[in-house]
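Written below as structure tokens is the structure these notes are about.
As the structure lists them, so they are numbered: ligands from 1, and atoms in each ligand from 1.
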Amino acid sequence: MARKLAVIGAGLMGSGIAQVSAQAGWDVVLRDVTDEALRRGTDSIKASYDKFVAKGKLEAHDADAALARITPTTDLDAVADADVIVEAVFEKLDVKHEIFRALDRLAKDEAILASNTSAIPITKIAAVTGRPERVVGTHFFSPVPMMALCELVRGYKTSDETLARAREFAESTGKTCIVVNRDVAGFVTTRLISALVVEAAKLHESGVATAEDIDLACKLGFGHAMGPLATADLTGVDILLHAASNIYTESQDEKFAPPESMRRMVDAGDIGRKSGQGFYTYEAHSPE
Ligand SMILES: NC(=O)c1ccc[n+]([C@@H]2O[C@H](COP(=O)([O-])OP(=O)(O)OC[C@H]3O[C@@H](n4cnc5c(N)ncnc54)[C@H](O)[C@@H]3O)[C@@H](O)[C@H]2O)c1
């Protein structure tokens, strides 16, 4: 199996993807635009390997070997011999378009071009390349070393072979894949969490139940690790509002229409843990 990977973007997701891939034996080129971003990315990878070693889940020599397989660079030409390229830059279509145009120019013909986008249609990203059949979504979850899922997204022109190779890559990093067969807004995971959070916010807004009870219902009734309102606070109420609004705009399906209270929370800056107030109140710098 092909073993050369390029990851574009050394932020939270890109560094996580580089980390699990290098650990799985891939030679990884990690590309970002500045040395500072690359340093942050590689520092976080090293810190994460160190934690696994401290917990006895990884041998120190394996961590060293994995780290040595990661080559940080600001040079995009370094993608030229990669078999798999995963883009994990900002969630902005114009930034992703710029990257995919360049990848189309620089990558070898048989390379697969994957995007870690959480919500942008793969078809829209693929459309700027001359090889849309080789473009696919590989949606990893945060924190990448801990989360077992990779959502594979088939764009309108993604070939079966590309999907199979994306699966092979994701599975080699220890992930379990689900396949999104049609490039719908929000894929499967963001649609599910958006519908749940929107309904939970509606129940909360109309006083049917408290935030605590709504979350307890999901935890104790359905075995969810975390309730939807606590999840919204953790992810960011603004992020989930944006995600649900986008899906609603595309689908016109009322179940994704965010309630007014959610919009007002965001207007007021009550966006969850990062602001100290969301559906719950958080102590400053509280780890919880
Ligand atoms: N954060 C999450 O929980 C999460 C989960 C799943 C998917 N995603 C998706 O993953 C992608 C990356 O998200 P993130 O949270 O890692 O973002 P981030 O802001 O942590 O990192 C983005 C990185 O991309 C770099 N970058 C920007 N333009 C670049 C370019 N032209 N070339 C190379 N690098 C460039 C930035 O310098 C930055 O280091 C987004 O599409 C996001 O929607 C995020």
Going by the atom numbers of ligand 1, which of them fall below 4.0 Å from some non-hydrogen atom of [X]?
X    : answer
K96  : 40 (C), 41 (O)
I8   : 32 (N), 33 (C)
G11  : 16 (O), 20 (O), 21 (O), 23 (C), 39 (O)
G9   : 24 (O), 33 (C), 34 (N)
T117 : 41 (O)
H139 : 6 (C), 7 (C)

Tell me which protein heavy atom sits closest to [atom], plus the residue, atom name and distance to 0.1 Å.
atom                    : result
atom 19 (O) of ligand 1 : F90 CE2, 3.4 Å
atom 3 (O) of ligand 1  : S142 CB, 3.4 Å
atom 9 (C) of ligand 1  : N116 O, 3.3 Å

Select the closest option to [atom] among [options], judged by heavy-atom distance.
atom                    : options             : value
atom 25 (C) of ligand 1 : I125, T235, D32     : D32
atom 30 (C) of ligand 1 : I99, L12, T74       : I99
atom 29 (C) of ligand 1 : V86, I17, V89       : V89
atom 5 (C) of ligand 1  : M13, E151, K92, R31 : M13

Any donor-acceptor pair under 3.5 Å linking the side-chain atoms of Y282 with those of D233? yes
Between Y248 and E254, is there a side-chain donor-acceptor contact under 3.5 Å, judged purely by atom types and distance? yes
May I ask you to check if ligand 1 and E91 share an N or O to N or O distance below 3.5 Å? yes
Check your understanding: For S118, is at least one N or O under 3.5 Å away from an N or O on ligand 1?
Key -> yes
Report task. With rounding to the nearest 0.5 Å, note down the distance linking OG1 in T235 to NZ in K274. Result ->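 Here the interatomic distance stands at 8.5 Å.
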With a 6.0 Å cut-off (strictly less than), is the heavy-atom count around CD of E59, excluding the residue itself, greater than 12? no
Do the side chain of [X] and the main chain of [Y] share a donor and acceptor less than 3.5 angstrom apart?
X    : Y    : value
T173 : S21  : no
T162 : E133 : yes
R191 : F256 : no

For R40, is the nearest heavy atom under 4.0 Å from an atom of ligand 1?
->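 Checking ligand 1 against R40, which is what was asked, there is no heavy-atom contact under 4.0 Å.
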Exercise. Should F141 be listed as contacting ligand 1, given a heavy-atom distance under 4.0 Å as the test?
Worked result: no
Hits for ring-ring contact (aromatic ring centres under 6.0 Å, His included) against F222, two or more places apart or cross-chain, chain-then-number order -> H224
The test is side chain to side chain contact (heavy atoms under 4.5 Å, CB included); show your working for I112 and I85 and say whether it passes.
CA-CA 6 Å; I112 67 164; I85 303 174; over 6 Å; no
Can you find a protein heavy atom under 4.0 Å from atom 34 (N) of ligand 1?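 True for atom 34 (N) of ligand 1.
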### Task
Start with the C-alpha gap between V79 and I8, add the side-chain angles, then the distance that decides, and say whether side chain to side chain contact (heavy atoms under 4.5 Å, CB included) holds.
CA-CA 9 Å; V79 305; I8 315 297; 3.7 Å; yes
Closest heavy-atom pair, L76 versus A102, reported as atoms and distance to 0.1 Å, is CD2-CB, 3.5 Å
